[in-house]
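Structure first, commentary second.
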Amino acid sequence: MSGSVNPLSPDSSGDSDGTDDETARHANAQTVLGETRPTRTRLGSLESERANRVWWDADAEDYHRTHGDFLGADSADGEFVWCPEGLHEADVQLLGPVSGRDVLELGCGSAPCARWLAGQGARAVGLDISMGMLQRGRTATAASGRAVPLVQAGAENLPFADASFDIVCSAFGGVPFVADSARVMREVARVLRPGGRWVFSVNHPMRWIFPDDPGEQGLVAMFPYFDRTPYVEVDPTGRATYAEHHRTVGDRVRELVAAGLEVYDIVEPEWPEHLDREWGQWSPLRGSIFPGTAIFCSRKSA
């Protein structure tokens with residue numbers, strides 16, 4: 001999930017407190033990018049794209065060391081995990097039948113989801129902005145023996161012809177990391193065939209109200225839900241090295257509808273009783289009280 005993730009997001013959405021644990025989890029990125037500080041500031045599409053390419057290239061190895069096993073990132077067959085709550089596509093089938101379908105994964109990271117889709121008979125293609133992530137995916141894809149094309153590009157400008165795919169999907173990839181998510185929705189609608197599905201997971205928008213803390217501090221509402229100013233990390237020169245963009249639930253629905261898509265479900269996974277893993281801000285404590293993930297399910301009219 002890599003933008004996460006595969007992108008899931010690094011481990012944050014909102015303000016981070018820069019703890020020692022956070023630094024250790026992203027040690028390589030800190031070495032490559034230097035000391036960074038969090039802020040809230042507006043970013044355009046090009047600056048946001050550049051910042052996230054830089055971040056995910058630098059963080060690819062650390063990200064996989066922390067989350068790779070959970071995501072099946074290095075397994076030959078891959079795995080399709082929608083969120084830190086451990087929702088698997090094999091169980092929930094939000095994409096419907098995939099065998100024989102052309103499927104595009106946005107923000108594929110090292111492409112465990114795309115590899116899993118290929119194993120189910122789909123003609124899968126993975127797209128990500130980060131070459132560091134895609135290189136991990138190429139290694140894993142070669143080991144699988146399955147042909148899964150991987151494309152480096154941003155989600156706001158998809159390098160595909162109109163009506164190229166039956167399904168487009170994204171597990172925490174692409175959507176939270178772009179400045180113009182409405183454009184992403186239009187681009188997805190353009191490359192979808194009539195009747196095609198577009199399903200994507202993101203941090204639940206209400207999570208932006210709370211600090212990124214898996215403990216009790218993370219239960220205290222501190223930030224305005226309606227403040228869409230992006231969370232940005234900047235280096236000592238003030239140059240952005242990471243950006244994550246907030247939209248409300250209503251924003252997401254309106255963007256989808258404006259793109260000509262029908263929203264038929266919004267899935268809010270409950271935290272499973274058996275899962276004691278913490279994933280950045282995700283934890284059993286927070287998960288038992290409010291949702292961490294929203295999965296938007298939409299389709300293009302037939």
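No hydrogens, no waters, no symmetry mates; every other heavy atom, side chains included, goes into these values.
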Task: Between OG on residue S48 and CZ on residue R42, distance to nearest 0.5 Å - done: 12.0 Å

Task: Donor-acceptor contact below 3.5 Å, side chain R207 vs main chain P291 - done: yes

TODO: Would you sort out whether L71 and E79 count as a side chain to side chain contact (heavy atoms under 4.5 Å, CB included), showing the intermediate values?
DONE: CA-CA 6 Å; L71 299 172; E79 185 55 86; over 6 Å; no

Open item on the list: Please check this pair: side chain of Q281 against backbone of G218, looking for a donor-acceptor N/O pair closer than 3.5 Å.
Closed with: no

TODO: In plain terms, say whether E49 and R53 are close enough for a salt bridge, that is, a side-chain N and a carboxylate O under 4.0 Å apart.
DONE: yes

TODO: Please examine the side chains of I209 and F223, heavy atoms only from C-beta on, and report whether any two atoms are closer than 4.5 Å.
DONE: no

TODO: Report the distance from atom CG of L104 to atom OG of S170, rounding to the nearest 0.5 Å.
DONE: 9.0 Å

TODO: May I ask you to test the R183-N157 pair for a side-chain heavy-atom distance under 4.5 Å?
DONE: yes

- [ ] Kindly give the heavy-atom pair with the smallest separation between Q93 and R197, and that separation in Å.
- [x] O-NH1, 4.4 Å

Task: Heavy-atom check, side chain of S99 versus side chain of Q120, under 4.5 Å - done: no

- [ ] Go through D59 and D62 one step at a time and tell me if the side chain to side chain contact (heavy atoms under 4.5 Å, CB included) criterion holds.
- [x] CA-CA 5 Å; D59 195 55; D62 287 338; 3.7 Å; yes

TODO: Measure the spacing between CG of L219 and CE of M222 and express it to the nearest 0.5 Å.
DONE: 12.5 Å

Open item on the list: Please determine whether the number of non-hydrogen atoms from other residues, nucleotides or ligands lying under 6.0 Å from atom CD of E270 exceeds 12.
Closed with: no

Task: Between W56 and Y63, ring centroids under 6.0 Å - done: yes

Task: Heavy-atom side-chain contact between W82 and V199 under 4.5 Å - done: yes

Task: Whether E105 side chain and A114 backbone form a donor-acceptor pair below 3.5 Å - done: yes

TODO: Drop me the distance from R186's CZ to D180's CG, to the nearest 0.5 angstrom.
DONE: 5.5 Å

- [ ] Run the ring-centre check on W55 versus F177 and record whether the distance is less than 6.0 Å.
- [x] no

Open item on the list: When you measure from the side chain of K300 to the backbone of G196, do you find a donor-acceptor pair of N or O atoms at a distance under 3.5 Å?
Closed with: no

- [ ] Ignoring hydrogens and angles, tell me if any N or O in the side chain of N52 forms a donor-acceptor pair with the backbone of V178 under 3.5 Å.
- [x] no

Open item on the list: Centre-to-centre under 6.0 Å for F172 and W282, is that the case here?
Closed with: yes

Open item on the list: Out of the candidates D128, T141, D74, only one should pair with R136 under the side chain to side chain donor-acceptor pair (under 3.5 Å) rule; please name it.
Closed with: D74

TODO: List the steps, then state whether side chain to side chain contact (heavy atoms under 4.5 Å, CB included) holds for V257 with S298.
DONE: CA-CA 9 Å; V257 172; S298 65; over 6 Å; no

TODO: Decide yes or no on side chain to side chain donor-acceptor pair (under 3.5 Å) for H245 and S181, but give the supporting numbers first.
DONE: CA-CA 9 Å; H245 298 263; S181 52; over 6 Å; no

Task: same_hphob_cluster(I295, Y264) at 4.5 Å side-chain heavy-atom cutoff - done: yes

Task: hydrophobic_cluster_shared for M185 and L158, side chain cutoff 4.5 Å - done: yes

Open item on the list: Is the ring pair F70/W279 parallel, tilted or perpendicular, if the boundaries are 30 and 60 degrees?
Closed with: perpendicular

TODO: Would you sort out whether W198 and L106 count as a side chain to side chain contact (heavy atoms under 4.5 Å, CB included), showing the intermediate values?
DONE: CA-CA 10 Å; W198 164 223; L106 298 188; 3.8 Å; yes

Task: Shortest non-hydrogen separation from P149 to A124 and the atoms involved - done: CD-O, 3.3 Å

TODO: Measure the shortest side-chain to side-chain distance between D251 and P205 over non-hydrogen atoms and say whether it is less than 4.5 angstrom.
DONE: no

Task: A189 versus A259, closest heavy-atom pair with distance - done: CB-O, 3.4 Å

- [ ] Say whether V175 and I129 are linked into one hydrophobic cluster, either directly or through other cluster members, by side-chain heavy-atom distances under 4.5 angstrom.
- [x] no

TODO: Without swapping roles, check the side chain of R286 against the backbone of D213 for a donor-acceptor pair under 3.5 Å.
DONE: yes

Task: Exercise: identify the closest heavy-atom pair between A171 and F80 - done: CB-CE2, 4.4 Å

Open item on the list: So, taking the atom named OG in S130 and the one named CD in Q152, what distance separates them when rounded to the nearest 0.5 Å?
Closed with: 7.5 Å

Open item on the list: Do L150 and V98 land in one hydrophobic cluster if side-chain heavy atoms of ILVMFWY residues count as linked below 4.5 Å?
Closed with: no

- [ ] Examine distances only and state if a side-chain atom of R299 and a backbone atom of G195 form a donor-acceptor pair shorter than 3.5 Å.
- [x] no

TODO: Using a 4.5 Å cut-off on heavy atoms from C-beta on, say whether the side chain of R247 contacts that of R254.
DONE: no

TODO: Would you give the length of the straight line joining atom CD1 of I167 to atom CG of L117, rounded to the nearest 0.5 angstrom?
DONE: 7.5 Å

Task: Any donor-acceptor N/O pair, R115 side chain to S75 backbone, under 3.5 Å - done: yes

Task: Heavy-atom pair with the smallest gap, counting every atom of G44 and A179 - done: C-CB, 3.7 Å

Open item on the list: Looking at R193 and S164, would you say the former's side chain and the latter's main chain have a donor-acceptor pair under 3.5 Å?
Closed with: yes

Open item on the list: Tell me if the CG atom of L46 is crowded by more than 12 foreign heavy atoms within 6.0 Å.
Closed with: no

Task: Any side-chain heavy-atom pair of P159 and L127 under 4.5 Å - done: yes

Open item on the list: Take a 6.0 Å sphere around CG of D69 and say whether it holds more than 12 heavy atoms from other residues, nucleotides or ligands.
Closed with: no

Task: P269 versus C83, closest heavy-atom pair with distance - done: CG-SG, 3.9 Å

TODO: State plainly whether one hydrophobic cluster holds both V148 and M133, where clusters connect Ile, Leu, Val, Met, Phe, Trp and Tyr through side-chain heavy atoms under 4.5 angstrom apart.
DONE: no

Open item on the list: Atom CZ of residue position R228 - does it have more than 12 heavy atoms of other residues, nucleotides or ligands inside 6.0 Å?
Closed with: yes

Open item on the list: Check E187 with R190, please: is the shortest side-chain N to carboxylate O separation under 4.0 Å?
Closed with: yes

TODO: Ignoring hydrogens and angles, tell me if any N or O in the side chain of H204 forms a donor-acceptor pair with the backbone of M206 under 3.5 Å.
DONE: yes

Task: Side chain to side chain, H246 and R40, heavy atoms closer than 4.5 Å - done: no

